[in-house]
Amino acid sequence: MSFKSRTKIKALLATEPTGQDVTVMGWVRNFRSNRFIALNDGSTINNVQIVVDFENTDESILKRITTSACLKITGKLIASQGSGQSVEIQAESVEILGDSDAEKYPIQPKKHSLEFLRENAHLRFRTATFSAVFRIRHTIAQAIHKFFSEKGFVYLHTPIITASDAEGAGEMFRVTTLPIDGSAPRNEDGSIDFSEDFFGKSTNLTVSGQLEGELGATALGEIYTFGPTFRAENSNTTRHLAEFWMVEPEMAFYDLEDNQDLAEEFIQYIIKYAMEQNADDLKFLDQRLKDEEKSLPQDKRQEFGLLEKLEFVTNNKFERITYTEAIDILLNSSHYKKKKFKFDISWGTDLQSEHERYLVEKHFKKPVIVTNYPAAIKSFYMRLNDGCEEGRQTVAAMDILAPGIGEIVGGSQREERYERLVARMEEMGVPVEELSWFLDTRRYGTCPHAGFGLGFERMVQFVTGMGNIRDVIPFARTPKNCEF
RNA sequence: UCCUCCUUAGCUCAGUUGGUUAGAGCAUCUGACUGUUAAUCAGAGGGUCGUUGGUUCAAGUCCAACAGGGGGAGCCA
């Protein structure tokens, strides 16, 4: 038997019903009145209603139509008599492809908490919320490739296993085949002898593909990476994962302003594309958030709904301010004068979450790009700005802060001047020898260039409105949690 | 890692100043009904109250440790 005769529910729901014969396959979401099956096949958030002629259907079949049972239905597509849907299928045959024991199946036809579903992550795809989230995640991934490809960027695969631990983006996971029971070969000083290890040296999982990305950009012109990234930080928050996906474009002949323009266009492009491709899913998530908000006290509610927020972000320019301006705004805010900030504000210290939130959510009420941070609090590869005031040296860095998420993009114009870069590496204790390969970009035909990193899951969070990053990746890896 | 809150039925929760047999809604099962949309109505089953130890005549309730989870912070994307 071939399965090619099946019609996907998404296509079916867009079809004019003329009583034509159709076959659908999918999983039962709900079975009401012994007569109405809400069937879903994942092609859309919407279910198709199957009307079963229960008086002429075998009792043993009816009993097996339980939540999440897999069915093959053939019947006629007709206009619905009910008000909840425009078309429905008058079933002529109901075949059970897979039973689902209703007493044991964990996902019930009722509301569940996200925490509970997270513990059942292997089955949560079968809920409306998560199917919507993961369809949107897919769309955003596609949008990323489409955006860069249309601009002539080359998709560069940077390594996942790396010997470089110099970037300092975070704690790393070690990769080794040496025994861990204490019998690993030792050097004379007692340290592990990694020359005996698989790669003949100490290796880790990558924390960023940026340095390799720069190698690509300084030859191919414009590249982007899009792949998994690993950080062994003990971070327990709604916006950190130990394994996450990052997009890192790197462009030759870009300065900080070009970089900002690209990042802004990129984010708006992704949102627009998702709104086009996943209108039904976003409508559902929008409603879901609205329902959730109803149970919150007035002052905790969001000013915008999800769709309003996305609409607003795509139709308005991002605010662009320098770090120094941000500090001034904060110091002059009534919030500061009323001593409502927990952390102190002064030029030279990094902005705290509460400060970023104030700028984005209270002051500007839109995404904000903060540029030109103090050199002392930023990475070695960021370009030193010329002509800074004494004691106020800044770098050509930029962070994009999004409402509800915080930092969604971090980037900079890179330091292309060899001497300055090496001086800065020495100053910050970055091993120059080890990164000699990286410095070759500056030795042989160096060029002005820039790039940024976008946290893919944070972008999915922003578009779907999901509050916890663990709910926008299929199987979350976080401290003390590596299920499935 | 720090602060804080939580852990009682399959799920979401209630459980009074510590006091007899631990409750509700939903889900499940049985029956009725049959154009439903979170279907409705009637009934039933379902609990070592996260774990360990302590206080007490008596602990779901008080105390401690541990485990797991949520929210916030730091680190960042």
Query - A:Glu407 CD to A:Asp399 CG distance, which is reported to the nearest 0.5 Å - result: 4.0 Å
Quick one: does [X] reach the base of [N] with a side-chain donor-acceptor pair under 3.5 Å?
{"X": "A:Ser235", "N": "B:C76", "value": "no"}
{"X": "A:His240", "N": "B:C76", "value": "yes"}
{"X": "A:Glu115", "N": "B:G70", "value": "no"}

Whole angstrom is fine here: how far is it from [atom1] in [X] over to [atom2] in [N]?
{"X": "A:Phe31", "N": "B:G35", "atom1": "CZ", "atom2": "P", "result": "14 Å"}
{"X": "A:Phe244", "N": "B:C76", "atom1": "CZ", "atom2": "P", "result": "12 Å"}
{"X": "A:Arg35", "N": "B:U40", "atom1": "CZ", "atom2": "C1'", "result": "15 Å"}
{"X": "A:Asp471", "N": "B:G69", "atom1": "CG", "atom2": "P", "result": "14 Å"}

Give the ring-plane orientation class for [X] versus [Y], where under 30° counts as parallel, over 60° as perpendicular and anything between as tilted.
{"X": "A:Phe230", "Y": "A:Phe173", "value": "perpendicular"}
{"X": "A:His335", "Y": "A:Tyr358", "value": "tilted"}
{"X": "A:His355", "Y": "A:Phe341", "value": "perpendicular"}
{"X": "A:Tyr155", "Y": "A:Tyr224", "value": "parallel"}

Per [X] side chain, nearest of listed nucleotides [options]:
{"X": "A:Val51", "options": "B:U36, B:A73, B:G35", "result": "B:G35"}
{"X": "A:Asp350", "options": "B:C76, B:U36, B:C11", "result": "B:C76"}
{"X": "A:Asn30", "options": "B:U36, B:A39, B:G74", "result": "B:A39"}
{"X": "A:Asn468", "options": "B:U1, B:C75, B:G71", "result": "B:G71"}

With rounding to the closest Å, how many angstrom separate the [atom1] atoms on [N] and [M]?
{"N": "B:A38", "M": "B:C26", "atom1": "P", "result": "15 Å"}
{"N": "B:U12", "M": "B:G54", "atom1": "C1'", "result": "32 Å"}
{"N": "B:G35", "M": "B:G72", "atom1": "C1'", "result": "50 Å"}
{"N": "B:A44", "M": "B:U36", "atom1": "P", "result": "29 Å"}
{"N": "B:G47", "M": "B:U7", "atom1": "C1'", "result": "15 Å"}
{"N": "B:C75", "M": "B:G68", "atom1": "P", "result": "25 Å"}
{"N": "B:U8", "M": "B:A14", "atom1": "C1'", "result": "10 Å"}
{"N": "B:C3", "M": "B:A39", "atom1": "C1'", "result": "47 Å"}

Name the atoms and distances for all side-chain donor-acceptor pairs under 3.5 Å in residues 344-353 of chain A, with sequence neighbours left out.
residue, atom, partner, partner atom, Å
A:Trp347, NE1, A:Thr324, OG1, 3.0
A:Thr349, OG1, A:Ser346, O, 2.9

May I ask you to say what [X] touches in the nucleic acid, namely base, sugar-phosphate or nothing, with a heavy-atom cut-off under 4.0 Å?
{"X": "A:Gln85", "value": "base"}
{"X": "A:Glu55", "value": "nothing"}
{"X": "A:Gly82", "value": "base"}
{"X": "A:Thr237", "value": "base"}
{"X": "A:Val409", "value": "sugar-phosphate"}
{"X": "A:Gln461", "value": "nothing"}

Report task. Any strand is fair game: report the nucleotide pairing with B:G10 by Watson-Crick or G-U wobble, both distances under 3.5 Å, or none. Result -> B:C26
Report summary line: The Watson-Crick or G-U wobble partner of B:C2, with both key distances under 3.5 Å, is B:G72
**Report entry** Closest approach of A:Arg124 to A:Arg470 (non-hydrogen atoms, all atoms of both residues)
**Finding:** NH2-O, 3.2 Å
Query - Residue from A:Glu257, A:Gln260, A:Arg320 passing side-chain contact (heavy atoms from CB on, under 4.5 Å) with A:Thr371 - result: A:Gln260
Query raised in the report: Is A:Thr203 reaching over with its side chain to a backbone N or O of A:Val175, donor-acceptor style, under 3.5 angstrom?
Result: yes
Query raised in the report: Can you give one letter per nucleotide of nucleotides 24-30 of chain B, going 5' to 3': B for a protein heavy atom under 4.0 Å from the base, S for sugar-phosphate only, - for none?
Result: -BBSSSS
